[in-house]
Amino acid sequence: MTRRYLVTAALPYANNKPHLGHVAGVYLPADIYVRFLRMTGNDVVFVCGSDDHGVPITISAEKEGCEPQEVVSRYRAAQEEGFTSLGIEFDIYSGTSTCPGHGDLSSEFFLTNLEKGNIEARDTMQFYCQACRRFLPDRYVEGICPLCQAPDARGDQCDSCGKGFEQTLLTEPRCVGCGETPETRNTRQWFFLLDRFEDALREWLESREGWRENVKNFALGLLREGLPPRSITRDLSWGVPVPLEEADGKVLYVWFDAPVGYISFTRELFEKRGDPEGWRPYWQDEETSLVHFLGKDNILFHAVIWPAMLLGRGDFNLPANIPANEFLNFKGEKFSKSKGHGVTAEEILALYSPDRVRYYLTAIAPENRDTSFTWEDFIARNNDDLSDVVGNLCHRVFVFTDRYFDSKVPAGGERSEHLARILEVIAGARDSWRTSLEACRIREAVGAVVSLAREGNRIFDAAQPWKSRKEDAEGCGTDIASLLELVRAVALLLTPFLPESGKLLRGAFPDGDGLKSDLDALGERTLAGGDPIAPPGIVFPRLELAED
RNA sequence: CGCGGGGUAGAGCAGUUGGCAGCUCGUCGGGCUCAUAACCCGGAGGUCGGGGGUUCGAGUCCCCCCCCCGCUACCA
């Protein structure tokens, strides 16, 4: 059964380049999932782009003496380049500051909710730095914790005692940017009254099935505690202006406009395709599944606030699934740009091919817990799994076919005692591969493919074709023909994870009927005696650890 | 402090509704010769973070504690 899907990957903030942690947790799983959906005949649109607004970008721009738009376009290009180089292919990679209609749609979200009474204005006291001439978001104010006197409290919370407090209670506040003492100013902001959606959100969340525990429990936990009103405007010039006369000089909080980008980018995509109304089914047809990939730090926004915004609108689908991943660390510590700790796509691709990177990041995907990237393990997993198990199986079968069967699928008998077993194993692998991918468990899914290859090696050894070719040439031929089926299955099932290698391996076989029907046919004999086999050579040579 | 996730052989991980603790790597021993120093078979190696409890039976359910990660108004 085929469906329509709208798949998103979290919008990267346009102030940094994605590192492998981002890739492993969000963009690669999303890309693999999309490739899987397409292989199995579904209609998918895959949307991403940069989150361009907010204070950090204005500060970067000031430091560099340029406009925010310049910072954004530079980072966005780097992001897109990084994703593309790893074979992560979005249908559109846009950005919230350049997408036509994004501001209008974000404003509509604001106004609709305002009209419905879901948003109200309140006066607040906030720090304002006269030297920097701007209001200071929490992370740009430091001072002494009013509760435990620790000297490094930030904004409205203290890392030492872990407690939160009213921002204006901070003792001896200073601006992180210039060190001056900020003043407190009264300013009006608009608040999203999330508590009005508590019942609807709870009902929706509880009815979701197949979600990850961390996402569902986290969101339900927040609902149990009650949702406080959330400020959704800021005193800032860089962003989507609040669409009210009395809100001059204020913009929507980035987290209010960013998720709207998922919709506005989809509209932009169809606009470009010359089908301006084509986006609607992807967002408004209830038969469409909306799937958001993101990291665990983002669950609050995607599982609670964004759905509340959508409920407030009432004319868009709610997410069908939110596969949130944990984090990938580098050698046990967080990836950190400022500390120079970690690896970028560019760095690793200078040494190894995209599929090797994709394989390792899939094999250690942080789906259930944080995992760790190390170079030694990168080499080990690639060699142990791809070279020794998958690559060697393919190669030994191809070489045997080439040498003793003239590179043709052996014709003849069906009396191999291994044939039935092989077909059964193939179908089983395909089924668990499908089940895992449907549940967005990519690590388990790729494991099923490697296991299939492992089983292929076992059967090869058990069949001993190097012996049987002398004693029972026909039986030997059937065994090899069956093993070729298995190799072909491995090639197909590997494709969403390793698009290039999958294609290379599939190229050894006569053209199939297309990925979907080829997949459906797995478990039956699909190769005919005499079909030519064109071995691709060694697809996964063993890797060596590059000098650091 | 609160909420969510995690803690299982040397390493990395599985363990569905409670029913003999599994897989991969590493290690030790054996086999094979089609193959990428590969492949296959077997052995050794676990007080399942700690402590209580429920049960005929707990990695699994309940309570308490310890450690790691995230959220708590701008890092996936």
Side-chain angles (χ1 to χ4, degrees), chain A residues 9-13 15-16 18-19 21-27 29 51 53-57 137-140 155-157 161-164 167 212-222 224-225 228 230-232 234 253-255 258 293-301 305 324-329 332 334-338 363-364 366 368-372 374 376-377 380-381 383-389 391-404 443-444 447 450-451 454 456-467 469 480 483 537-542:
Chain A
L11 307 189
Y13 196 55
N15 197 25
N16 49 28
H19 50 59
H22 301 112
V23 173
V26 181
Y27 306 97
D51 172 12
H53 296 134
V55 174
I57 282 170
D138 291 314
R139 50 179 287 206
Y140 289 101
D156 64 348
Q157 70 178 78
C161 66
K163 294 196 169 127
Q167 180 183 260
R212 297 201 180 153
E213 294 286 300
N214 58 346
V215 180
K216 199 165 176 175
N217 290 342
F218 181 82
L220 284 171
L222 289 171
R224 213 178 304 121
E225 290 173 37
R230 218 168 164 97
S231 165
I232 54 168
R234 292 291 185 276
Y253 171 49
V254 287
W255 261 111
F293 281 82
L294 52 267
K296 63 178 167 183
D297 57 336
N298 238 329
I299 297 173
L300 167 68
F301 294 99
I305 299 174
N325 285 313
E326 304 288 311
F327 288 173
L328 174 71
N329 293 321
K334 286 177 79 165
F335 276 83
S336 163
K337 196 179 76 159
S338 52
I364 63 164
N368 303 318
R369 68 183 80 179
D370 289 0
T371 58
S372 200
T374 68
E376 292 75 15
D377 196 43
R381 293 304 300 266
N383 285 346
D384 293 342
D385 300 347
L386 283 190
S387 302
D388 296 350
V389 175
N392 183 51
L393 170 74
C394 298
H395 191 238
R396 70 199 294 211
V397 172
F398 285 143
V399 167
F400 203 97
T401 306
D402 183 43
R403 189 178 303 174
Y404 300 111
R443 165 189 204 140
E444 190 177 88
V450 175
S451 294
R454 218 165 238 128
N457 275 319
R458 284 193 196 104
I459 295 171
F460 196 113
D461 276 54
Q464 298 184 295
W466 57 89
K467 246 185 221 175
R469 81 181 169 83
I480 291 298
L483 285 163
I538 290 180
V539 175
F540 302 114
R542 284 178 68 86

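Order of the sequence lines sets the chain letters (A, B, ...), proteins ahead of strands, with each chain counted from 1. All heavy atoms count here, side chains included; hydrogens, waters and symmetry mates do not.
Between the side-chain ring of A/Phe460 and the base of B/C34, a stacking contact exists by the 5.5 Å and 30° definition. In this pair, A/Trp466 lays its aromatic ring flat on the base of B/C34, centres within 5.5 Å and planes under 30 degrees apart.
Without hydrogens or angle criteria, A/Arg234 side chain to A/Gly54 main chain gives no donor-acceptor distance under 3.5 Å.
Going from the P atom of B/G52 to that of B/C13 covers 29 Å, rounded to whole Å. Here the separation of B/C3 from B/C40, taken at their P atoms, is 48 Å to the nearest Å. For the P atoms, the distance linking B/G26 with B/A38 amounts to 8 Å, nearest Å. Taking atom P on both nucleotides, B/C74 is separated from B/G18 by 43 Å, rounded to a whole Å. Separating the C1' atom of B/G59 from that of B/C48 is a span of 5 Å, rounded to the nearest Å.
Comparing B/G70, B/U36, B/C40 by their closest approach to the side chain of A/Asp297 singles out B/G70. Here the nucleotide nearest the side chain of A/Arg458, chosen from B/C34, B/G12, B/C40, is B/C40. The listed nucleotides are B/G31, B/C71, B/C41; the one nearest the side chain of A/Phe218 is B/C71.
A/Asn329 has its CG atom 15 Å from the C1' atom of B/G7, to the nearest Å. We find that CG of A/Asn383 is positioned 18 Å from P of B/U24, with the value rounded to whole Å. Atom P of nucleotide B/G4 and atom CG of A/Asp370 are separated by 18 Å, given to the nearest angstrom. Rounded to an integer number of Å, the gap from CZ of A/Phe327 to P of B/C75 is 10 Å. B/A11 atom P lies 17 Å from atom CD1 of A/Ile364, rounded to whole Å. Per the geometry, CG belonging to A/Asn217 stands 18 Å off P belonging to B/C71, to the nearest Å.
A donor-acceptor contact under 3.5 Å is not formed by the side chain of A/His395 with the base of B/A35. For B/A35, its base sits under 3.5 Å from the side chain of A/Asn392 at one donor and acceptor pair at least.
Aromatic ring orientation, A/Phe301 versus A/Tyr253: tilted (interplanar angle from 30° to 60°).
We find that A/Lys296 and A/Glu326 are joined by a salt bridge, their nearest charged nitrogen and carboxylate oxygen being less than 4.0 Å apart.
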Go through the steps for A/Arg381 and A/Asp385 under the test salt bridge (Lys or Arg N to Asp or Glu O under 4.0 Å), then give the verdict.
-> CA-CA 6 Å; A/Arg381 293 304 300 266; A/Asp385 300 347; 3.0 Å; yes

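Put simply, A/Arg542 has a side-chain N or O that comes within less than 4.0 Å of OP1 or OP2 on B/A38. Within the structure, a side-chain polar atom (N or O) of A/Arg369 is placed less than 4.0 Å from OP1 or OP2 of B/A14. At the phosphate of B/U33, neither OP1 nor OP2 sits under 4.0 Å from any side-chain N or O atom of A/Arg396.
Across all strands shown, nothing is found opposite B/U55 as a Watson-Crick or G-U wobble partner with both distances under 3.5 Å.
Looking at which nucleotide of RNA chain B each of A/Asn214 and A/Phe400 is closest to, the 5′-most match is held by A/Asn214.
In this structure, A/Pro366 and A/Asn325 approach most closely via the heavy-atom pair O-CB, 3.6 Å. The nearest pair of heavy atoms linking A/Leu328 to A/Phe335 is O-CD1, 3.1 Å.
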